[in-house]
Q: 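Below is a structure I'd like to ask you about.
Start at 1 and go down the list; that is how both ligands and their atoms are numbered. Heads up: numbering here begins at 1 and tracks the sequence.
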Amino acid sequence: MMASELVPLEQALDHILSNALPMDETEVVLVTESLGRALASDLEVPADVPPADNSSVDGYALRCEDLGGGAILPVSARIPAGQAPAPLKPGTAVRIFTGASIPEGADAVVMQEDVKITPEGIRAPSETTLGQNIRRQGQDLAAGTLALARGVLIRPQEMGLIASLGLDRVPVYRRFRVAVLTTGDELVEPGQPLKPGQIHNTNAPTLRGLLAQMNCDLVMCETVRDIRSATSDALKAASELADLIVTSGGVSVGEEDHIRTVLESEGELTLWRLAIKPGKPLAFGKLNGTPLLGLPGNPASVLVTFLMVGVPYIRRRQGLVNAPVIGERLPAAFSVDRPSIRREFMRARKEQVNGQYVVTIYPNQSSGVLSSACWANGLAVIPEHSTVAPGESITFYGFHELTG
Ligand code: AMP
Ligand code: MG
């Protein structure tokens, strides 16, 4: 086939993402169980956080204007955290602890380490300033402002923030349902011995892991034989259960590649063959109204294409509004001598050499070599029609950035 028939990655993503609307259905879950979900509505701050001015240290609350001339202030009260304090008696200090509310009338807290204790009271430094060691009411979140916007990924810190609003439940998009079909007569499940001609099914566990990382609901995970009718039946069954069908293998040009042919004749094939390496035969379309992402069969291609195409698509459908992955520009510690018409995603490592971060690549970049991806901590991008000389800046995507 001609080179021009390969679809550039951006064009492919435009096509795939333009059809990727967030799911309609939302649900309310406990905040304690909301990790990894997408927030389904804006959350407004109902009341200031923190709810009152409070001390950021253990020490003494006082009024700065009482400090002139090395004055000694008697200690008139003690305020542990969790108590509602009485107003400060002018001319005195109160013992206060971290997190305790500042009494009315006090305008600074002096750390206990900076205070001299005498039998009559405490002497604080005269350079104590207004507001010192006071955490202001609403300094974290002011009432009436937006705490978190719809589409935010709930990470541990968002769980805490939502709890700080006083909420124990939170609206989220429902979990995204994915069916995985791996294809190939040669596949044998791990745990079973191989007969001649067979290999173990590698892609199913990789895809399970990737989908678990994305908090998807795996509604089906089956291996389909290279038989047209079996492929068609399995795809139809998957289409009834899932929001997305992900397949591996069977999208190339061979006679045993039934995923693409079933999609073409019984559904819609809207995209096929990308200008990326690995991952050229990727297919996208719809069967029975359910979108299908047809990944290539080679194990390293599955990982790369899922990360570059599957992840942004699924995130969008999950309702997430993610910042785009931008990667890092780092010097290459390798060379690419022959330019390719396809953008290449090399299994690579960001590592420190002589105190500087550089990108190294795994020596064998074959799409069948999954050990390249286990060695790697990310992908190095080699643009179309480009060579790379050592020391030249290239884009590196860390696996964490791609999946996080
Ligand atoms: P295909 O696109 O079906 O021709 O597959 C391309 C290559 O990937 C072949 O060498 C397959 O044996 C291999 N392959 C396909 N599916 C899997 C799988 N689930 N696990 C490991 N290798 C696979
Ligand atoms: Mg096959």
Q: As an exercise, identify every atom of ligand 1 less than 4.0 angstrom from a heavy atom of N201.
A: 18 (C), 19 (N), 20 (N)
Q: So, are D66 and R63 salt-bridged, with charged N and O less than 4.0 Å apart?
A: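 A salt bridge is present here (some side-chain N lies under 4.0 Å from a carboxylate O).
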Q: Give yes or no for whether the N/O distance cutoff of 3.5 Å, strictly under, is met between G297 and ligand 1.
A: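 In this structure, G297 places an N or O atom under 3.5 Å from an N or O of ligand 1.
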Q: Which of the atoms in ligand 1, numbered in the order shown and given with their element, are less than 4.0 Å from a heavy-atom of T183?
A: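 So the atoms of ligand 1 that pass are 16 (N).
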Q: Suppose I only count heavy atoms of D257 and a 4.0 Å limit; which atoms of ligand 1 are within that range?
A: 3 (O), 4 (O)
Q: Is any NZ, NE, NH1 or NH2 atom of the basic residue among E268 and K286 found under 4.0 Å from an Asp or Glu carboxylate oxygen of the other?
A: no
Q: In terms of side-chain geometry, is the basic nitrogen of E328 or K350 positioned less than 4.0 Å from the acidic oxygen of its partner?
A: yes
Q: Nearest non-hydrogen atom to atom 20 (N) of ligand 1 belongs to which of D226, T223, T202?
A: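 That would be T202.
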Q: Hey, are R174 and E25 close enough for a salt bridge, meaning a charged N less than 4.0 Å from a carboxylate O?
A: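 Salt bridge between R174 and E25, a charged N being under 4.0 Å from a carboxylate O: yes.
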Q: Nearest to atom 10 (O) of ligand 1, what protein heavy atom do you find, and at what distance?
A: N298 OD1, 4.0 Å
Q: Among all protein non-hydrogen atoms, which one is nearest to atom 12 (O) of ligand 1, and what is the separation to 0.1 Å?
A: E186 OE2, 2.5 Å
Q: By the ring pair (Phe, Tyr, Trp, His ring centres under 6.0 Å) test, which pairs, at least two apart or in different chains, include something from residues 301-330?
A: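 Pairs touching residues 301-330 that pass the test: F284-Y313.
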Q: List the closest protein heavy-atom neighbour of atom 22 (N) of ligand 1: residue, atom name, distance to the nearest 0.1 Å.
A: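 Nearest neighbour among protein heavy atoms for atom 22 (N) of ligand 1, to 0.1 Å: I199 CD1, 3.4 Å.
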Q: So, E27 and R175, do they make that salt bridge, N to O below 4.0 Å?
A: no
Q: Which residue holds the protein heavy atom closest to atom 18 (C) of ligand 1, what is that atom called, and what is the gap in Å?
A: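 Its nearest protein heavy-atom neighbour is N203 ND2, 3.1 Å.
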Q: Any heavy atom of G250 closer to ligand 1 than 4.0 angstrom?
A: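 Yes, that is the case, since the closest heavy atom of the residue is under 4.0 Å from the ligand.
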Q: Side chain to side chain donor-acceptor pair (under 3.5 Å) with R208: which residues, sequence neighbours excluded?
A: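 R208 satisfies side chain to side chain donor-acceptor pair (under 3.5 Å) with no other residue.
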Q: Under a heavy-atom criterion of less than 4.0 Å, does H200 contact ligand 1?
A: yes
Q: Inspect the contact between E240 and K236 and indicate whether a charged nitrogen and a carboxylate oxygen are less than 4.0 angstrom apart.
A: no
